[in-house]
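These figures come from a predicted structure and were not determined experimentally. Naming convention: chains lettered A, B, ... in sequence-line order (proteins, then strands); numbering from 1 in each chain.
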4 protein chains.
Amino acid sequence: MNDGGKSSGHPSRPKRADARRNEKTLLDAAASVFVESGVDAPVRDIAAKAGVGMGTIYRHFPTRADLIIAVYRHQVEACAEAGPALLESSASPYAALKSWIDLFVDFLVTKHGLAGVLRSDNAGFDALHAYFLDRLVPVCAQLLEAAADAGEIRSDLKAIELMRGVGNLCIGADTDPRYEPRRLVEVLIAGLRRPH
Amino acid sequence: MNDGGKSSGHPSRPKRADARRNEKTLLDAAASVFVESGVDAPVRDIAAKAGVGMGTIYRHFPTRADLIIAVYRHQVEACAEAGPALLESSASPYAALKSWIDLFVDFLVTKHGLAGVLRSDNAGFDALHAYFLDRLVPVCAQLLEAAADAGEIRSDLKAIELMRGVGNLCIGADTDPRYEPRRLVEVLIAGLRRPH
Amino acid sequence: MNDGGKSSGHPSRPKRADARRNEKTLLDAAASVFVESGVDAPVRDIAAKAGVGMGTIYRHFPTRADLIIAVYRHQVEACAEAGPALLESSASPYAALKSWIDLFVDFLVTKHGLAGVLRSDNAGFDALHAYFLDRLVPVCAQLLEAAADAGEIRSDLKAIELMRGVGNLCIGADTDPRYEPRRLVEVLIAGLRRPH
Amino acid sequence: MNDGGKSSGHPSRPKRADARRNEKTLLDAAASVFVESGVDAPVRDIAAKAGVGMGTIYRHFPTRADLIIAVYRHQVEACAEAGPALLESSASPYAALKSWIDLFVDFLVTKHGLAGVLRSDNAGFDALHAYFLDRLVPVCAQLLEAAADAGEIRSDLKAIELMRGVGNLCIGADTDPRYEPRRLVEVLIAGLRRPH
DNA sequence: TATGAATGAGACTTCATTCAT
DNA sequence: CATGAATGAAGTCTCATTCAT
């Protein structure tokens, strides 16, 4: 994981520490600017925020999609890891589901504009979408299945649908302070309960 | 093309006759282009779709907001009028609410991108938003109240919240064929049912 | 270019009274708008000021140059006629020259932007320029010659030069209240006095 | 212009020289195009003349005013510096004044359209106007005062007025070969001579 | 003949992206 | 490798001018 004093001629060389640090800086800057100006923010703004030249952005993330994907990968990872933990520590699978959804909502709402991208169907965003779902849907599915198995909720709604719905409900929450998605998400989750 | 009942033998193009319905044409074209490209679609595209010059757009709708507002006013009117009728013809207030929401969803989903604008808080869109809500929220509120009075649903969710939620759930339904908002809306509406 | 009512085989037909009145209205409106917005003012503005459609402007003055020329012809006529009268009523030819130049300056300064056009070399303005000079230069030349003959001024400056100079000195007087062209014109005229 | 400490090893320095050369090119091109088409010339034309993209214009001069100001600053500087030198090397203050005015006229006439801007009162041009006067008026005032002190000329005309007058007399000299402002300026300066 | 809606060229400005340094 | 200057496509908006009624 380091190149010590080694120099040229290395096949398949791991990234240098400073390069990784640079990439981290870029992602933080991009996330921050996305929050302020949306995912269409000028590259120049992101570069400025990161304190690097625009060329550096392009070096690390050849296309805007790459950058956005990287930003989301970063965020998604943290969320995904929280899923199983909640299932273990909660009173019931349904409670765990609710808690995880809350986490998911917090995540989306806090990260300004993220929900908006989630719905995007722009070419090149498929990769983001795919990864996002690949990583999070299983977690959600696990929670959903556990609750269904416990007889707490209906079992005909797929995890991907639920996540999409929750994601959509979060759209615009950041720009409109009057909009409170949590209440609606609560209603949505309530709608999952097994009908008598 | 047509002479609208007039049997005059004009050999030349009835250009001016078309122009009389130009505004309608413009609205239809704008709605259509909005569906395909969103409300930020180039004015030129809308003009091309309508078969008119760009200047014509600006003549009728000086600002983009004016155009969008006009497009929505057109759509909203039809939807709003359907509300009371449904309440009368349905088996129960809750059924009427469901039907109206279905109508609303159809409306949003069919008119691609409309849901996206509904959430916008851009300057100048306030007028659109205001009108939209002024016209539709009372209708929804009436249905909601009727259902609440009948004891069919909980009464702590405001019409504006519900509409916002339904609107959000419809975002992206047009561009992603895999996404079916109706199921989620159904779950949301189910979540309204009075808890036992 | 413009030969009044003559066209395509018609014998020179005099204009109808109402047509002439209409043209007068147009010229007044154009002059007024030129004062406010300059000679590049939108045709629509002029039409609005005159209370007619834009097409009417174009009917009477096919090109912008035609309109401007007409406006100036109108103004120039009045100024030209004042020349000989002043020569007769003044104490000396030089005094008459000064008075006429004052008149000319008043005319230019009052009619906003007129001086600016006078210097223009745009195609189509040649006709205006030519007429303007044809009508005014002889008047100025008469005054100049009289003063030179009286030994009051040097005789090596042509009328056309002097008028051009005075015209130029008036440029911008309308838009910049701090600029007072009369003092400079006075110095210029003083510079004409026969050197001792 | 070298980078001084060449051995210091600053690798991120060389671009500046190119950019500065570019700016010079831009100013020259703008001045040239202003001469041909006036200060309202399309940015595209200026960019084409300079052989650069339009964006380069905007990078260096965000607004048109900035560009014009820069063009004038460039020209004005050279003229201002010539003032004191002339006062020292001329036979009399009046002679120096005449020479400087000649220089000023040459400057204005050569740089087509410059005189036209001098009279502008458009918003944003205040800065240009202010700088222009700040830099040149004192020079002219110095010459004027010296001549007045020497009893060669009347002392009631301010430098700013004289410059404005000379500037105006130069308007159009470039586009109309028949117009020779120098003769008129000579008359104007002659008009300054102390009357007996 | 008068009207003014429609047209569309043209000017402005912004940024994504490339590439010389 | 990093930088940021340069490019130029794309979008907005304004009017001069035409022409159907």
Side-chain angles (χ1 to χ4, degrees), chain A residues 16 18-19 22 26 40-48 50-60 62-64 67, chain B residues 6 8 10 12-20 22-23 25-26 37 40-48 50-64, chain C residues 16 18-19 22 26 40-48 50-64 67, chain D residues 3 10-23 25-26 40-48 50-60 62-64:
Chain A
R16 277 169 29 189
D18 63 341
N22 212 337
L26 253 33
D40 293 326
V43 174
R44 189 181 304 274
D45 291 357
I46 300 168
V52 303
M54 293 176 304
T56 305
I57 303 276
Y58 281 97
R59 169 172 300 276
H60 287 273
T63 71
R64 175 173 291 270
L67 175 58
Chain B
K6 257 197 135 193
S8 61
H10 273 270
S12 53
R13 306 172 313 188
K15 208 171 174 191
R16 197 52 182 242
D18 288 350
R20 216 182 314 130
N22 228 336
E23 193 158 314
T25 304
L26 250 35
S37 316
D40 292 326
V43 173
R44 194 182 304 276
D45 290 356
I46 300 168
V52 303
M54 288 183 311
T56 304
I57 303 280
Y58 284 100
R59 166 176 292 277
H60 287 274
F61 310 102
T63 72
R64 177 175 292 273
Chain C
R16 275 169 32 188
D18 63 339
N22 212 336
L26 253 35
D40 293 325
V43 175
R44 190 181 304 275
D45 290 357
I46 299 169
V52 304
M54 292 177 303
T56 305
I57 303 277
Y58 281 96
R59 169 172 299 278
H60 287 273
F61 309 101
T63 73
R64 175 173 292 271
L67 175 58
Chain D
D3 47 276
H10 265 275
S12 56
R13 197 56 221 266
K15 196 59 191 277
R16 272 292 177 259
D18 186 65
R20 233 181 305 129
R21 187 164 46 249
N22 216 333
E23 195 163 310
T25 304
L26 252 34
D40 293 325
V43 173
R44 191 182 304 273
D45 290 356
I46 300 168
V52 303
M54 290 181 309
T56 304
I57 304 280
Y58 284 99
R59 166 176 293 276
H60 287 273
T63 70
R64 177 174 292 273

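Distance NE2 (His60(D)) to C1' (dT7(F)): 12 Å, rounded to an integer number of Å. When the P atom of dG8(E) is taken as reference, atom CZ of Arg59(B) falls 15 Å away, rounded to whole Å. dA6(E) atom C1' lies 11 Å from atom CG of Leu26(B), rounded to whole Å. Taking atom CZ of Phe61(B) as the reference point, atom P of dT12(F) lies 16 Å away to the nearest angstrom. The interatomic distance linking Asn22(B) (CG) with dG4(E) (P) rounds to 17 Å, in whole Å. As rounded to whole Å, 16 Å separates atom C1' of dC15(E) from atom CG of Asp40(B). Between Leu67(C) atom CG and dA16(F) atom P the separation is 11 Å, expressed in whole Å. What separates CD1 of Ile57(B) from P of dT14(F) is a distance of 14 Å, to the nearest Å.
Along DNA chain E, the nucleotide nearest Val52(B) and the nucleotide nearest Ala41(D) are compared for position; the residue whose nucleotide lies closer to the 5' end is Val52(B). Along DNA chain F, the nucleotide nearest to Gly55(C) and the one nearest to Tyr58(C) differ in position, and the one closer to the 5' end is contacted by Tyr58(C).
In this structure, the nucleotide among dG4(E), dT7(E), dA9(F) sitting nearest to the side chain of Met54(C) is dG4(E). For Val43(C), whose side chain is taken as the heavy atoms from C-beta onward, the closest listed nucleotide among dT17(F), dC13(F), dC15(E) is dT17(F). Here the nucleotide nearest the side chain of Pro42(A), chosen from dT3(F), dT17(E), dA16(E), is dA16(E).
Across all strands shown, dC19(E) forms a Watson-Crick or G-U wobble pair with dG4(F), both key distances being under 3.5 Å.
We find the OG1-CZ distance between Thr56(B) and Phe61(B) to be 11.0 Å, quoted to the nearest 0.5 Å. Annotation: the span from Arg64(D) atom CZ to Ile46(D) atom CD1 amounts to 5.5 Å, rounded to 0.5 Å.
Taking 4.5 Å as the limit, every side-chain heavy atom of Arg44(D) sits out of range of all side-chain heavy atoms of Ile57(D). Residues Val52(D) and Thr25(D) fail the side-chain proximity criterion, which asks for heavy atoms closer than 4.5 Å.
Looking at heavy-atom distances under 4.0 Å, Arg44(A) makes contact with a base.
Regarding contacts with the backbone of dC12(E), a side-chain N or O of Arg64(D) is found under 4.0 angstrom from either OP1 or OP2. Close to dT3(E), at under 4.0 Å from its OP1 or OP2, lies a side-chain N or O of Thr56(C).
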- Item | Chi angles and distances behind the side-chain contact (heavy atoms from CB on, under 4.5 Å) call for His60(A), Leu67(A) | CA-CA 8 Å; His60(A) 287 273; Leu67(A) 175 58; over 6 Å; no
